[in-house]
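Heads up: the structure comes next, in structure tokens.
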There are 2 protein chains.
Amino acid sequence: MTVSTAPDARGDLFDPACPTRQILDRLSGKWSSMVIKILAEEPAGEVRFADLRRRVPGMSAKMAAQTLKELERDGVVLRRVEALTPPRVHYSLTPLGVSLDAALAHLREWAELHAHAVDRARTAYDRSHDNGGTNP
Amino acid sequence: MTVSTAPDARGDLFDPACPTRQILDRLSGKWSSMVIKILAEEPAGEVRFADLRRRVPGMSAKMAAQTLKELERDGVVLRRVEALTPPRVHYSLTPLGVSLDAALAHLREWAELHAHAVDRARTAYDRSHDNGGTNP
DNA sequence: CAGTATCCATAAAGATACTG
DNA sequence: CAGTATCTTTATGGATACTG
């Protein structure tokens, strides 16, 4: 059986088979974290495809479909189909997805808390690097 | 001057100027999170350029330099130069970097905790999608 | 040693058109 | 409505060679 090709990759972030690597790679897509946030924030818990697109400005149908498919494959998102014409498809977070959102929330919190500090660091860095005193 | 084009993008993850977006984008590089982890784990707190490369197998000099530069610009990493010949450059996390690592640690923890679940979800998904019962 | 510069391959994302 | 297919553009990373 194909139980696991990764014997004990736990903690070995540098092995491509490492779980953390995989998660980070999945989240590194441009839209994944936004989709998760939308689904997490939805009071009803479910969002339809077109709604999702409306709520994530700039995300093409292609990227929406691709992102949702990946997240569904990972067990983070649930896809529910109502077979009407026209069809209705509803997306929501699974319990696993909810817990992932909680982990992501720490990062969001960090970012909001330290956004100013990062901004200041960048300004300072740019000031001393792109024209550090040797410019006309 | 490039002070800020984002008046109050706080919480607006869908604005490219949003702090969370920026952080997630920075972390989405292939090497950033690994570099942060190495620096966080280093007992001495400092790691030299060549050491870092040795400890992150597969990372080219180019990517090491680029990643470190971005993280330094963000105020997450500190670069200390000993002007000898040959030169020695030491990298460490700033306090800001340490706190970022703490936020990242939640994600690492989630990944390790749920790696099996994700794996199982993928297997189940693949089983029912690439040959869901309509195959010769 | 600690990088930089350059060129090249690939992967990710966008635009557009079309379908059940 | 909820996607898929296809093509083009752009971003990312890798290989190699060179420098203070």
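Here is the naming used below: chain letters follow the sequence lines, and residue numbers restart at 1 for every chain. Just so it is clear, the model here is predicted, and its values are computed rather than measured.
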Which nucleotide in [options] has an atom nearest any side-chain atom of [X]:
X: B:Phe49; options: C:dA2, C:dC1, D:dT4; value: C:dA2
X: A:Lys69; options: C:dG3, D:dA2, D:dT4; value: D:dT4
X: B:Arg54; options: C:dT4, C:dC1, D:dA2; value: C:dC1

Item to check | Single-linkage hydrophobic cluster, 4.5 Å side-chain cutoff, A:Leu78 and A:Val47 together | outcome: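 No: no chain of side-chain contacts under 4.5 Å links A:Leu78 to A:Val47.
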Side-chain N or O of [X] versus OP1/OP2 of [N]: is the shortest distance under 4.0 Å?
X: B:Arg48; N: C:dG3; value: no
X: A:Arg88; N: D:dA2; value: no
X: A:Tyr91; N: D:dG3; value: yes

Checklist entry - Charged N to carboxylate O under 4.0 angstrom, B:Asp51 versus B:Arg54? => result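 Yes, charged N to carboxylate O under 4.0 Å.
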Checklist entry - Salt bridge or not for A:Arg21 and A:Asp25, using N-O below 4.0 Å? => result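 Between A:Asp25 and A:Arg21 there is a salt bridge, with a charged N closer than 4.0 Å to a carboxylate O.
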Gap between atoms [atom1] and [atom2], on [X] and [N] respectively (whole Å):
X: B:Arg80; N: C:dG3; atom1: CZ; atom2: C1'; result: 18 Å
X: A:Gln66; N: D:dA2; atom1: CD; atom2: P; result: 19 Å
X: B:Asp25; N: D:dT10; atom1: CG; atom2: P; result: 18 Å
X: B:Asp51; N: C:dA2; atom1: CG; atom2: P; result: 8 Å
X: A:Leu27; N: C:dA12; atom1: CG; atom2: P; result: 14 Å

Checklist entry - Which word best sums up how the rings of A:His129 and A:Tyr125 line up, parallel for under 30°, tilted for 30 to 60°, or perpendicular for over 60°? => result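 Rings of A:His129 and A:Tyr125: parallel, as their planes differ by under 30°.
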Checklist outcome for this item: In 5'-to-3' order, the base (B), backbone-only (S) or no-contact (-) status of each nucleotide in nucleotides 14-20 of chain D, using a 4.0 angstrom heavy-atom cut-off, is BB----B
Checklist entry - Do B:Leu104 and A:Trp110 touch side chain to side chain, with heavy atoms closer than 4.5 Å? => result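 No, side chains not in contact.
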Next on the checklist: Any base atoms under 4.0 Å from B:Arg53, or only sugar-phosphate, or nothing? Heavy atoms, all strands.
Outcome noted: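 Nothing, no nucleic acid heavy atom in range.
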Checklist entry - From A:Leu100 CG over to A:Leu93 CG, what is the distance, rounded to the nearest 0.5 angstrom? => result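 Spacing of CG (A:Leu100) from CG (A:Leu93) equals 8.0 Å.
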Checklist entry - Can you list the steps and then say if A:Leu52 with A:Tyr91 is a side-chain contact (heavy atoms from CB on, under 4.5 Å)? => result CA-CA 9 Å; A:Leu52 193 72; A:Tyr91 292 93; 5.5 Å; no
Checklist entry - For DNA chain D, what dot-bracket results from Watson-Crick or G-U pairs at under 3.5 Å, with [ ] for crossers and | for inter-strand partners? => result ||||||||||||||||||||
Checklist entry - What are the two closest non-hydrogen atoms of A:Leu71 and A:Ser32, and how far apart are they? => result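 Here A:Leu71 and A:Ser32 meet closest at CD1-O, 4.2 Å.
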Checklist entry - Which is it for B:Lys37 and B:Arg108 under the side-chain contact (heavy atoms from CB on, under 4.5 Å) test, yes or no, and what are the steps along the way? => result CA-CA 10 Å; B:Lys37 203 197 176 204; B:Arg108 289 196 287 257; 3.5 Å; yes
